[in-house]
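Here the structure is a predicted model, which means the values were calculated and not measured.
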Amino acid sequence: MEHRIRITPEAEVAELDSVCELITRCAQAALEAEGAPEGCFVDVTIVDGDTIREINRENRGKDTVTDVLSFPMLEFFNGEWPEDVEEERSPEDGLLFLGDMILNYDRAVEQAEEYGHSVQRECGFLTVHSMLHLLGYDHERSEDERQLQRKQEEAVLSSFGLLRET
């Protein structure tokens, strides 16, 4: 059983098939890098700035546009899989639901231009960044945690040649 990444576009996305393929590959690579058991499931929704602002306000009390939001379903700490994780599998399909990712495609395009790299690099980065949040990484806890998450992100992205421009 492979991992399942379901992507629902709710915004205009240039080259949608290519972006969906990239998100899927990056999400699966992050799961593999973190030693995920087979059969993990992540639900990805691609939205615009207005939609993510509303979601951010409703769920986090922050009335701002952001690039990606992560809503984990399980409790992890820096990718350490809980011992009882197998008990969380769906009885219907056997999948292990890790959570939701909400990706703001408009912001990804803006940030790619701002940072001087491709939209693919930015979408890949945001996907891996969010996946690591679903697996318990949190760059906001401390500087050490930020550095650890960034190291993990760059390791996954470099496996695709999605390197940071210098």
Any pair with a residue in residues 48-70 that passes ring pair (Phe, Tyr, Trp, His ring centres under 6.0 Å), sequence neighbours left out, goes on the list, sorted by first then second residue, please.
-> none
Start with the C-alpha gap between Arg150 and Glu154, add the side-chain angles, then the distance that decides, and say whether side chain to side chain contact (heavy atoms under 4.5 Å, CB included) holds.
-> CA-CA 6 Å; Arg150 183 56 42 91; Glu154 292 303 324; 3.9 Å; yes
Pairwise side chain to side chain donor-acceptor pair (under 3.5 Å) hits with a residue in residues 6-30, at least two apart | Arg6-Asp43
Can you tell me how far CD of Glu88 sits from CZ of Phe97, rounded to the nearest 0.5 angstrom?
-> 12.0 Å
Smallest heavy-atom separation, Ala14 atom then Val19 atom, equals O-CG2, 3.6 Å
Using a strict 4.0 Å threshold on nitrogen-to-oxygen distance, state whether Arg89 and Glu86 make a salt bridge.
-> yes
Is there a donor-acceptor contact under 3.5 Å from the side chain of His133 to the main chain of Tyr137?
-> yes
Distance from Asp138 atom CG to Leu148 atom CG, nearest 0.5 Å?
-> 11.0 Å
Less than 4.5 Å apart, any side-chain heavy atom of Met101 and any of Thr45?
-> no
State, yes or no, whether a side-chain contact exists between Gln149 and His129 at a heavy-atom distance under 4.5 Å.
-> yes
Below 4.5 Å, heavy atoms only, C-beta onward: do Glu54 and Glu58 meet side chain to side chain?
-> yes
Sequence neighbours left out, what pairs pass side chain to side chain donor-acceptor pair (under 3.5 Å) with at least one residue falling in residues 65-80?
-> Asp67-Gln111, Ser70-Ser130, Asn78-Arg141, Asn78-Glu145
Joint cluster assignment, Val68 & Val47, ILVMFWY side-chain distance < 4.5 Å | no
Single-linkage hydrophobic cluster, 4.5 Å side-chain cutoff, Val13 and Val42 together | yes
Can you see which heavy atom on Ala155 is nearest to which on Ser158, and at what distance?
-> O-OG, 3.0 Å
Is it possible for you to say whether Ile102 and Leu98 belong to one hydrophobic cluster, with membership spreading through side-chain heavy-atom contacts below 4.5 Å?
-> no
More than 12 heavy atoms from other groups under 6.0 Å of CD on Glu113 | no
Distance from Thr51 atom OG1 to Asn56 atom CG, nearest 0.5 Å?
-> 12.0 Å
Once you round to the nearest 0.5 Å, how far does CD1 of Ile7 lie from SG of Cys20?
-> 4.5 Å
Do you know the tightest heavy-atom contact between Thr127 and Cys26?
-> CG2-CB, 3.9 Å
From Ile5 CD1 over to Phe41 CZ, what is the distance, rounded to the nearest 0.5 angstrom?
-> 8.5 Å
Heavy-atom closest pair (Cys123 atom, Leu103 atom, distance to 0.1 Å) is O-CD1, 4.3 Å
Flag, side chain of Asp100 to backbone of Phe71, donor-acceptor distance under 3.5 Å = no
Just wondering, do Asn59 and Leu69 contact through their side chains at under 4.5 Å, heavy atoms?
-> no
Verify side chain to side chain contact (heavy atoms under 4.5 Å, CB included) between Glu34 and Met131, making sure each step is shown before the conclusion.
-> CA-CA 10 Å; Glu34 293 298 317; Met131 290 299 299; over 6 Å; no
Linking I/L/V/M/F/W/Y whenever their side-chain heavy atoms sit closer than 4.5 Å, directly or via other members, would Ile46 and Ile55 fall into one cluster?
-> no
Report yes if some heavy atom in the side chain of Val109 is under 4.5 Å from a heavy atom in the side chain of Glu122; otherwise report no.
-> no
From CZ (Arg57) to CD1 (Ile52), nearest 0.5 Å = 12.5 Å
Report yes or no: does Trp81 contribute a side-chain atom to a donor-acceptor pair with the main-chain N or O of Leu135 at less than 3.5 Å?
-> no
May I ask you to check whether Glu38 and His3 show a side-chain donor-acceptor distance below 3.5 Å?
-> no
Nearest heavy-atom neighbours spanning Arg121 and Leu157 = NH1-CD1, 3.2 Å
Just wondering, do Asn104 and Leu126 contact through their side chains at under 4.5 Å, heavy atoms?
-> no
Joint hydrophobic cluster, Phe77 plus Leu134, side-chain heavy atoms closer than 4.5 Å | no
Work out which heavy atom in Gly99 is nearest to a heavy atom in Met73; give both atom names and the distance.
-> CA-CG, 3.6 Å
